[in-house]
Protein chains: 2
Amino acid sequence: MPNREGLGPPWWQGKFRGCGYRLTIGREAILEVLAKSERHLSAEDIYMKIHPRHPNIGLTTIYRTLDVLSSLGMVYKLDFGDGRARYEFAEGPKGAHHHHHLVCTDCNRVIDYTDFIDEEVELLKQTEEGLSKKYNFKITNHLIQFYGLCEKCSGKK
Amino acid sequence: MPNREGLGPPWWQGKFRGCGYRLTIGREAILEVLAKSERHLSAEDIYMKIHPRHPNIGLTTIYRTLDVLSSLGMVYKLDFGDGRARYEFAEGPKGAHHHHHLVCTDCNRVIDYTDFIDEEVELLKQTEEGLSKKYNFKITNHLIQFYGLCEKCSGKK
DNA sequence: TTTGTTATTGGAAACCATTTCCATTATAAG
DNA sequence: CTTATAATGGAAATGGTTTCCAATAACAAA
């Protein structure tokens, strides 16, 4: 995993240019924000983070770039049910930071968990294989979310 | 599972009234459509199905009713990434028809599968328990979806 | 470096699923 | 039947996301 620490050209340049996309200021800024942040950001969140340093990058560009990144598999687009999409940097299903989500249906808080990932991923791998074969479906990704009430909200009542 | 087959008052009346909701023509019509259909329907799909027989039921009512049903846990609200929500009748995570989804990222086709549900649900139950304890989170539901290319779309290229 | 091709951009306007408003109507308890 | 109020529908508002298009910038070639 070359050059993750800021030395030399960012590791994503190759992947990006290799697909015929141009590497622009805006795209780099967006990638940086995503790579740095631990949270799931909305398009507007990203806009806000970028704006101070790059006041001339518009929301439209953010959306367009997120689309590209998403189609390249570099970013996951998530829906937590509050009407705006969230984006998170993809580390790959086997990456160190792979996690699933716990979504509070009351306050929309999202907890990332990694605790049971290993067992889950193991089972999912088998499931994927079976499904791929049976439905001739080429699986590239999965989404697992649990819904319920977080500590605060289940206490409220 | 009483009266699923059209004899006597629909089985859901109790649950409905018990929560202080009134049982109206519109709501019954919507419930009927949902209970009858095997597919995931959008609000507009439902509207279209209901309109011939109940031309005076508006889209607004559909949305409102789906919200209620959703909060009662009688209906799941799903997002397949095409910008409109889909709804499906909930049979409960242990119900006979419980299934997960295979979503084609190219044509948005959705395949329901039940093949590996048993193993999955078993593991999920354990995971839920662990998560509930660790995060003091009251889990009521889960969402599992696989993304990829369906037979047609992976052939296309 | 200069040039030419063309992907990318920003901003305003369009889009469109979903919500909100509010006066009217219908449910169901008494 | 009467009454309190939940529910309704249609129009208008909302708000996240896309589309449009002329202007700009990336980068390959010379």
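Proteins get letters first, then strands, A, B, ... in listed order; numbering begins at 1 in each.
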Would you say the side chain of D112(A) lies within less than 4.5 Å of the side chain of L102(A), judging by non-hydrogen atoms? no
Give a yes-or-no answer on whether the side chains of S42(A) and D45(A) include a donor-acceptor pair shorter than 3.5 Å. yes
Length of the CD1-P vector between I25(B) and dA26(C), whole Å: 10 Å
Does a nitrogen or oxygen in the side chain of S42(B) sit under 4.0 Å from OP1 or OP2 of dA17(C)? no
In plain terms, say whether D79(A) and R86(A) are close enough for a salt bridge, that is, a side-chain N and a carboxylate O under 4.0 Å apart. no
Take atom OH of Y87(A) and atom P of dG16(D), then tell me their distance rounded to the nearest Å. 12 Å
Measure the distance from CZ on F80(A) to C1' on dG16(D) and round it to the nearest whole Å. 17 Å
Provide, to the nearest angstrom, the distance between the CG atom belonging to L59(A) and the P atom belonging to dG11(C). 10 Å
Choose from dT18(C), dA28(C), dA17(C) the nucleotide whose nearest atom is closest to any side-chain atom of L23(B). dA28(C)
Going by heavy atoms closer than 4.0 Å, what residues in residues 45-55 of chain A are next to DNA chain D? none
In this structure, how many angstroms lie between the C1' atom of dT6(C) and the OH atom of Y21(A), rounded? 15 Å
N/O (side chain, Y63(B)) to phosphate O (OP1/OP2, dT19(C)) under 4.0 Å: no
Pairing donors with acceptors under 3.5 angstrom, does anything connect the side chains of E120(B) and H98(B)? no
Whole-Å distance, L66(A) CG to dT8(C) C1', equals 15 Å
Pair H142(B)-H100(A), side-chain donor/acceptor within less than 3.5 Å: no
Which part of the nucleic acid, if any, lies within reach of R27(A) when heavy atoms closer than 4.0 Å are counted: base, sugar-phosphate only, or nothing? sugar-phosphate
Side-chain atoms of T60(A) come closest, of dT20(C), dA12(C), dT5(D), to dA12(C)
Out of dT17(D), dT9(C), dA26(D), which nucleotide sits closest to the side chain of R84(A)? dT17(D)
Starting at atom CG of N56(A), determine the distance to atom P of dT8(C), rounded to an integer number of angstrom. 17 Å
Closest to the side chain of R64(B), out of dT5(D), dG11(C), dT8(D), is dT8(D)
Does atom CD of E44(B) have more than 12 heavy-atom neighbours, drawn from other residues, nucleotides or ligands, at distances under 6.0 Å? no
Return the nearest nucleotide to the side chain of T24(B); candidates are dT18(C), dT8(D), dA17(C). dT8(D)
Which is more 5' along DNA chain C, the nucleotide nearest G20(A) or the one nearest E44(B)? Just name the residue. G20(A)
So how far is it from T105(A) OG1 to K138(B) NZ, rounded to the nearest 0.5 Å? 11.0 Å
Can you measure D67(B) atom CG to dA17(C) atom P for me and round it to whole angstrom units? 17 Å
Phosphate OP1/OP2 of dC27(D) contacted by R22(A) side-chain N/O (<4.0 Å): no
If you link I, L, V, M, F, W and Y whenever their side-chain heavy atoms are under 4.5 Å apart, who else ends up in the same group as L123(A)? L123(B)
Taking for each residue the nucleotide of DNA chain D bearing the nearest heavy atom, is the 5' side occupied by G83(A) or by G58(B)? G58(B)
